[in-house]
*Asks:* 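Here it is, the structure, as structure tokens.
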Amino acid sequence: MSFINQKLKIYAVAVLGSGMFLACAQTKTATAAKATTQTAKSGKVVPTNLKWSERMMLSEMQRFPEAWMLDFSKSPKWTYPSAIVLDGAEQLYIKTGKKEYYDYISGFGETLIKDDGTIVTYDLDKYNIDMLNSGNVLLYLYEKEKKDKYLKALQTLRLQIDGQPRTNEGSFWHKKIYPYQVWLDGLYMGMPFYTHYTKDFTKGADAAKAYDDIVMQFDSVQKNLLDKKTGLLYHAWDESKEQAWADKQTGLSPNFWGRAMGWYGMAMVDVLDYLPKDHPGRERIISYIKSYSDAVIKYQDKKSGLWYQVLDKPLANKNYEEATASAMFVYTMIKSVNKGYLPKSYKAAAKKGYDGIIKNLITVDENGVVNLNKCCAVAGLGGKPYRDGSYEYYVNEEIRSNDGKGTGPFILASLEFEK
């Protein structure tokens, strides 16, 4: 009898269990169906009633479900564009408290940094200054989570600064494979990280020395890359004057590339977030932002409010209004106005540029996903195949949509306008 009771008991539990499983499955299905119905009803994956900063951020998360994918990466790779978009995610998390933004940032750190602090795909010996930029994400995550692996990775990146080759004057080479070359890009790639790391981890005389070194990087660029006639800065300078792209007298590259100038502006305005208020170089950097903005405004298209791929040749064949540079200029100027580095009168040029981006370069899909179009995918100098820095070279590089080098600055600029 007890054996039959036991069998009946097992059967009852099995039936009850399957019923619970079925009920659970039905609940999940109902929830999913409800979500699908809601999406179907509104037809929007990204709600259109949000501010542009969130609309673009959510669109990026839709396109690139994992943050390491942001540079169109097919597998996890330590690269720099992700960090710019994640800077926007960080600020949106502070502003909205929505955990999805924090999780997106955190996922980047979890994937790219191994438990022993090793950075996936990173090679210190290459001394590539581009690789410092994503250190900004780790500075944020370490501050929040205090994970030892982030601290170890940060210390590795800081070691790169100590060994980075320099010109005779002390400017960082862009990469070990690009000897004696200073690129405007490098100021953004390295200096905000260097300044932020110094503020968080370095004290006393060592910190003072680091801050002086950082300011000197900007002083050196102003001295060696500035064109006094236009107020614009050339893409790069070869101290050795040996590169085929370098002018034999000056060592300068031949053109004013929009995004190179964009990087430089963002570098100045972001470094000031961490440079001590009483540092004597602070006012100099602010004066550089003023002369830089004056030059940039001079080359802003009067009708569209945008800027061209090659800044000073708007009417030349195949030149085009380029998204990443336009977003970077807008961000640099509006943030400078908000911080008091520029007079309020500069807001008009920034707003004209921002409105120009939304009108001419932004498209919105039926499902609400926002796209930023006409982004130059990449441009550089030298290498293989050889990039000669000619006008023809810049205007023939690949153009694509939703590049993090444009969407990131657009999110950051939007946040500044939304303040």
Side-chain angles (χ1 to χ4, degrees), residues 25-76 79 81-108 111 304 306 320-324 326-328 330-331 353-377 398-418:
Q26 284 170 338
T27 305
K28 273 186 178 175
T29 308
T31 307
K34 191 179 173 188
T36 308
T37 308
Q38 283 172 346
T39 304
K41 211 182 272 182
S42 69
K44 308 295 180 203
V45 174
V46 176
T48 52
N49 62 340
L50 296 170
K51 305 275 192 194
W52 280 112
S53 58
E54 276 202 89
R55 289 175 72 183
M56 183 59 88
M57 189 69 234
L58 291 169
S59 299
E60 287 288 80
M61 291 164 73
Q62 182 73 21
R63 276 186 286 272
F64 306 108
E66 300 287 339
W68 57 261
M69 300 174 178
L70 280 161
D71 194 30
F72 299 93
S73 296
K74 298 285 182 274
S75 59
T79 180
S82 309
I84 316 166
V85 180
L86 294 179
D87 186 4
E90 177 189 324
Q91 292 187 38
L92 277 167
Y93 175 62
I94 293 164
K95 182 182 173 183
T96 67
K98 292 178 183 175
K99 195 167 176 288
E100 62 200 286
Y101 299 133
Y102 186 83
D103 291 343
Y104 195 62
I105 305 164
S106 185
F108 179 81
T111 307
S304 69
L306 299 172
Y320 61 96
E321 291 170 326
E322 199 274 327
T324 67
S326 296
M328 289 174 180
V330 166
Y331 167 66
Y354 185 65
D355 291 345
I357 292 169
I358 292 166
K359 186 182 174 188
N360 300 292
L361 301 176
I362 292 277
T363 53
V364 182
D365 296 342
E366 280 185 24
N367 62 2
V369 170
V370 179
N371 304 289
L372 179 67
N373 306 303
K374 291 172 77 175
C375 303
C376 169
E398 182 194 349
I399 301 167
R400 64 186 179 189
S401 298
N402 304 319
D403 192 299
K405 301 182 286 290
T407 56
F410 177 77
I411 293 165
L412 295 170
S414 299
L415 284 161
E416 291 295 329
F417 278 109
E418 291 160 16

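From a predicted model like this one, the values you see are computed outputs, not experimental measurements. We count residues from 1, following the sequence as given.
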*Asks:* Could you grab the distance from atom CD1 of I357 to atom OG of S304, nearest 0.5 Å is fine?
*Replies:* 10.0 Å
*Asks:* Going by heavy atoms in the side chains, are E90 and I105 under 4.5 Å from each other?
*Replies:* yes
*Asks:* Can you measure from NZ (K405) to CE (M328) and round to the nearest 0.5 angstrom?
*Replies:*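 Answer for the NZ-CE pair, K405 versus M328, is 8.0 Å.
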*Asks:* Is the count of non-hydrogen atoms from other residues, nucleotides or ligands lying under 6.0 Å from K359 atom NZ greater than 12?
*Replies:* no
*Asks:* In Å, rounded to the nearest 0.5 Å, how long is the span from CD1 of I94 to OH of Y102?
*Replies:*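 With rounding to 0.5 Å, CD1 (I94) is 11.0 Å from OH (Y102).
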*Asks:* Please lay out, stage by stage, how M56 and I362 fare under the test side chain to side chain contact (heavy atoms under 4.5 Å, CB included).
*Replies:* CA-CA 10 Å; M56 183 59 88; I362 292 277; 3.7 Å; yes
*Asks:* Is there a side-chain contact between L70 and F108, using heavy atoms and a 4.5 Å cut-off?
*Replies:*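 Side chain of L70 against side chain of F108, heavy atoms only: no contact under 4.5 Å found.
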*Asks:* Can you give me the closest heavy-atom contact between V46 and S59, atom names plus distance?
*Replies:*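 Heavy-atom minimum between the residues: CG2-OG, 3.8 Å.
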*Asks:* Of all heavy-atom pairs between G404 and T407, which one has the smallest distance, and what is that distance?
*Replies:* CA-OG1, 3.2 Å
*Asks:* Are the side chain of K374 and the backbone of I399 linked by a donor-acceptor contact shorter than 3.5 Å?
*Replies:*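 No.
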*Asks:* For residues I411 and Q91, determine if any side-chain heavy atom of one lies less than 4.5 Å from a side-chain heavy atom of the other.
*Replies:*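 Not in contact.
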*Asks:* Identify the heavy atoms of A327 and A413 that sit nearest to each other, and give their distance.
*Replies:* O-CB, 4.4 Å
*Asks:* Can you see which heavy atom on L372 is nearest to which on C375, and at what distance?
*Replies:* O-SG, 3.7 Å
*Asks:* Considering only NZ, NE, NH1 and NH2 on the basic side and carboxylate oxygens on the acidic side, decide whether E54 and K51 come within less than 4.0 Å.
*Replies:*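 Here E54 does not pair with K51 in a salt bridge, since their nearest N and O are not under 4.0 Å apart.
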*Asks:* For the residue pair Q62 and N367, establish whether any side-chain heavy-atom pair is separated by less than 4.5 Å.
*Replies:* no
*Asks:* So, taking the atom named CZ in R400 and the one named OG1 in T324, what distance separates them when rounded to the nearest 0.5 Å?
*Replies:*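 If we round to the nearest 0.5 Å, R400:CZ and T324:OG1 are 10.5 Å apart.
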*Asks:* Determine whether P409 and I84 make a side-chain contact, defined as any pair of heavy atoms from C-beta on separated by less than 4.5 Å.
*Replies:* yes
*Asks:* Y104 and P65: which non-hydrogen atoms are nearest, and at how many Å?
*Replies:*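 Smallest heavy-atom distance, with atoms named: CE1-O, 3.5 Å.
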*Asks:* Once you round to the nearest 0.5 Å, how far does CG of L92 lie from CD of E100?
*Replies:* 9.5 Å
*Asks:* Going by heavy atoms in the side chains, are S414 and Y354 under 4.5 Å from each other?
*Replies:* yes
*Asks:* Indicate the atoms forming the closest heavy-atom contact of D403 with F72, along with that distance.
*Replies:*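 For D403 and F72, the tightest heavy-atom pair comes out as CA-CE1, 4.0 Å.
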*Asks:* Would you call E322 and S326 a side-chain contact if the rule is heavy atoms closer than 4.5 Å?
*Replies:* no
*Asks:* Can you check whether F410 and Y331 have ring centres sitting under 6.0 Å from each other?
*Replies:* no
*Asks:* Can you measure from OH (Y93) to CG (D103) and round to the nearest 0.5 angstrom?
*Replies:*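 Spacing of OH (Y93) from CG (D103) equals 8.5 Å.
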*Asks:* Contact between S53 and M57 at the side-chain level, heavy atoms closer than 4.5 Å - yes or no?
*Replies:* no
*Asks:* For the pair N373 (side chain) and L361 (backbone), establish whether a donor and an acceptor sit closer than 3.5 Å, ignoring hydrogens and angles.
*Replies:*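 Side chain of N373 to backbone of L361, a donor-acceptor pair under 3.5 Å: yes, one is there.
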